[in-house]
Enquirer: 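Encoded as structure tokens, here's the structure I'll be asking about.
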Amino acid sequence: MSSPVIELMDVVRVYPLPSGDVTALKGVSLRIDEGEFVAIMGPSGSGKSTLLNQIGCLDRPTSGDLFLAGKNTREMDDRELTNLRLSSIGYIFQKFNLIPLLSAYENVEYPYIMKYRKNDDTGKVRDLLAMVGIDENLSAHKPNELSGGQQQRVAIARALVNDPAILLCDEPTGNLDSQTSLQIMEILADLHSRGRTLVMVTHNPETATYADRTITIRDGQIA
Amino acid sequence: MIGNDIIFSLSVRSVRVHLLRSVLAALGIVIGVVAIASIGMMGASMTLSVTDQLSDMANKLTVTPYRGGGGGMMGGPGGGGGSSDDDAITEKEFKTIQRIVTKYGTAYTLRSESDQIEVGSDKGRATIYGLDTEIMREILTVETGEYPKSTTTVVVGPTLAERLNLKIGSKIKIGDPDEGSTTTVRVVGILEERGMSMDLSTDMAIIGSDKLFVGIYGGEGEYDQVNVVVSDLNNIETVKTAIEDELNRKEDTVTVQDSSRMTESITETVSTMTTFVMAIAGISLLVAAVSIFNVMMMSVNERIREIGILRSIGTQRAEILRMFIYEAAIIGIVGAIIGAIVSLIIGYVIVVGMIGSAEYFFAPGSIIYVPMAMAVGAAICIITGIYPAWRASNLDPIEALQNE
Ligand SMILES: Nc1ncnc2c1ncn2[C@@H]1O[C@H](COP(=O)(O)OP(=O)(O)O)[C@@H](O)[C@H]1O
Ligand SMILES: [Mg+2]
């Protein structure tokens, strides 16, 4: 019934460093179906972020293949991968990563403008901000005037603005207190319930319980 | 398109966030543009003004004693050549010139000497010309008063009159009392302004009759210069060659100059000077370029993480490149515009101050330096911004995101 949106085949990622090569991923094969909510767990430094960056096309495998919606990303150039990040992948980071020069509203609108080459006149940005609980007054603020929880809500709205097939979250609650974490997880769970494919890195077993499936990584390999 | 371009608005905001830094960088461009534009305009205005003044000299030739090396361009009247035996034009030579010129126009002689003068208690120096009284009426225009008739009366140039507060009836004592006798003359007329000229520069001079001149300095039958006025411009070259052929047959005894040489020579001097000074001004643009480069590198380094964010959410390399080029361009264009305004003001003040009229300032050949300097300034900014922008656009998204 469900088809693989994400498929990794024997993905290896080596970071060449002057002090010697670091193999962060040692041949990871993985298949994630449409609509799944997968949690990736593992100790710090085990390669979780490296894996998520591979899925998010921020990086290329040293060897091995990554298929997104059936297409091999190896054959894509930087331009195509960038377009994939713009339109098909939503990324949520531990450090929120909002653009400091833009207001909350503009942060959410930015990927929309990049994709459609025009401002949002459909009300989508406003609706998304309302959905994650950012009112109009707050959306005029710059990121540094918002709390961590508010920034992460804006980041979720931004990740969703181009209706991506996949939502990737790298420790989305890692910088938040437990109360706020809960609210953020509720939003993510809600997105999942509406059919979105989610991949979330976490080292908190409690947040992992929201996922359908948990993959554990140790030392660059799926345990 | 650019109006609601989010990349452009990011560039604008980045410039605004670091306003002081950007303004300082733009200031370099302002200074460079002002320097190049105002120097260029000044040079062009000077050349135009000189060329204009000399164009009514086109039908005139000056014949001066050969002094070797072709005689300097200012070696003529007022040069203080004196009337010593070895460098003077003899009566015989003048007659020869007159014989050649008759067919084409007229020739007249000129004696000149630079000497000390005293008016009341004011001391100064002036050029004293000795001219035929008939010729004087032909070539000089008296603004107030009349032409001198006797050997004790003179006319004076307007600049000298103003400087020494000379009026009709004023007495001038010519000569240095320590070196011998002095001669007192009376001013009977003040000349119209004549400007700088090759044949005769009267604005700062005292003009008396030949008799008066010989009475003071001696030199009967000797002249410092012969001026030739040719009625048909096309004969200038013929007359010049004829005089040279006749008088310089055995050895060089005279130098014949037409105004084209002088125009050329002055234009060349001005343009050499202008180019040289403009090259120095160019260095200020180079300094500006270094400062822009520095500011752009700082901007890139400070925003590495932001670049990582922009790339990670789907911003193309080309757009990052554009963002930083815009930033450099904003600094450059704003600097160039301010520079243009300032240089129009400064250039105007300098040109009016030096030349006395703004007529040449607004001439196309002069005003062209403003857009030219602007273009150079803005282009330097943008070119300087290319490398930092290129670096920014080629950052690895992950490494950029990991940057603190
Ligand atoms: N940009 C990089 N350059 C070099 N080594 C890196 C880089 N990013 C991560 N690593 C190394 O790769 C390994 C995995 O890192 P990471 O994927 O960030 O782990 P996790 O997210 O599970 O904590 C670590 O040993 C880390 O030091
Ligand atoms: Mg990590």
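Labels below follow one simple rule: chain letters A, B, ... track the order of the sequence lines, proteins then strands, and each chain is numbered from 1.
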Enquirer: Given heavy-atom pairs under 4.5 angstrom as the criterion, report whether the side chain, backbone, both or neither of B:Ile309 touches chain A.
Expert: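 Side chain only.
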Enquirer: Applying a criterion of heavy atom separation less than 4.5 Å, what residues of residues 123-131 of chain A form contacts with chain B?
Expert: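 Against chain B, none of the residues of residues 123-131 of chain A fall inside the cut-off of heavy atoms under 4.5 Å.
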Enquirer: Which atoms of B:Arg311 are under 4.5 Å from chain A, going by heavy atoms: the side chain, the backbone, both sets, or neither?
Expert: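 Answer is both: backbone and side chain atoms of B:Arg311 are under 4.5 Å from chain A.
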Enquirer: Under 6.0 Å from the CZ atom of B:Arg13, do we count more than 12 heavy atoms belonging to anything else shown?
Expert: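 More than 12 within 6.0 Å, yes.
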Enquirer: Any side-chain heavy atom of A:Ile113 sitting closer than 4.5 Å to one from B:Asp5?
Expert: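 When only atoms from C-beta onward are counted, B:Asp5 and A:Ile113 do not touch, as no gap falls below 4.5 Å.
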Enquirer: Check whether any side-chain heavy atom of B:Ile313 sits under 4.5 Å from a side-chain heavy atom of A:Asn97, and report yes or no.
Expert: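 When only atoms from C-beta onward are counted, A:Asn97 and B:Ile313 do not touch, as no gap falls below 4.5 Å.
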Enquirer: Are A:Leu58 and B:Asp396 close enough that some pair of their side-chain heavy atoms sits under 4.5 Å apart?
Expert: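 The answer is no; the side chains never approach within 4.5 Å.
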Enquirer: If I measure from the heavy atoms of chain B, does A:Lys95 come under 4.5 Å with its side chain, its backbone, both, or neither?
Expert: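 Its backbone and side chain both get close to chain B.
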Enquirer: For chain B, which residues from residues 80-91 of chain A have at least one heavy atom closer than 4.5 Å to it?
Expert: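 A:Thr82, A:Asn83, A:Arg85, A:Leu86, listed by number.
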Enquirer: Any residues in residues 101-112 of chain A near chain B, with a heavy-atom distance under 4.5 Å, and which are they?
Expert: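 Interface residues of residues 101-112 of chain A: A:Leu101, A:Leu102, A:Ser103, A:Glu106, A:Tyr110, A:Pro111.
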Enquirer: For chain B, which residues of residues 149-164 of chain A have at least one non-hydrogen atom nearer than 4.5 Å to it?
Expert: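 The stretch touches chain B at A:Arg158.
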Enquirer: Taking atom CZ of A:Arg74 as the centre, report whether more than 12 heavy atoms of other residues, nucleotides or ligands fall under 6.0 Å from it.
Expert: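 Enclosed: over 12 neighbouring heavy atoms sit under 6.0 Å from CZ of A:Arg74.
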Enquirer: Using heavy-atom distances under 4.5 Å, tell me whether B:Gln316 contacts chain A through its side chain, its backbone, both, or neither.
Expert: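 Contact with chain A is through both the backbone and side chain of B:Gln316.
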Enquirer: Does A:His203, at its NE2 atom, have more than 12 non-hydrogen atoms belonging to other residues, nucleotides or ligands within less than 6.0 Å?
Expert: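 Open.
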Enquirer: How long is the span from the CD1 atom in B:Ile6 to the CZ atom in A:Arg117, to the nearest 0.5 Å?
Expert: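 It is 10.5 Å, given to the nearest 0.5 Å.
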Enquirer: For A:Glu136, look at atom CD and say whether over 12 heavy atoms of other residues, nucleotides or ligands are found less than 6.0 Å away.
Expert: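 Check fails, neighbour count at 12 or below.
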Enquirer: Evaluate whether atom OH of A:Tyr116 has more than 12 neighbouring non-hydrogen atoms of other residues, nucleotides or ligands under 6.0 angstrom away.
Expert: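 Yes, enclosed.
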Enquirer: Taking CE in A:Met9 as the centre, count heavy atoms belonging to other residues, nucleotides or ligands within less than 6.0 Å. Is the count above 12?
Expert: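 Open: at most 12 neighbouring heavy atoms sit under 6.0 Å from CE of A:Met9.
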Enquirer: Would you compute the distance between atom CG of A:Asp59 and atom CD of B:Glu399 and round it to the nearest 0.5 angstrom?
Expert: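 Reported to 0.5 Å precision, the distance equals 9.0 Å.
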Enquirer: Can you tell me if B:Tyr348 has over 12 outside heavy atoms packed within less than 6.0 Å of its OH?
Expert: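 No.
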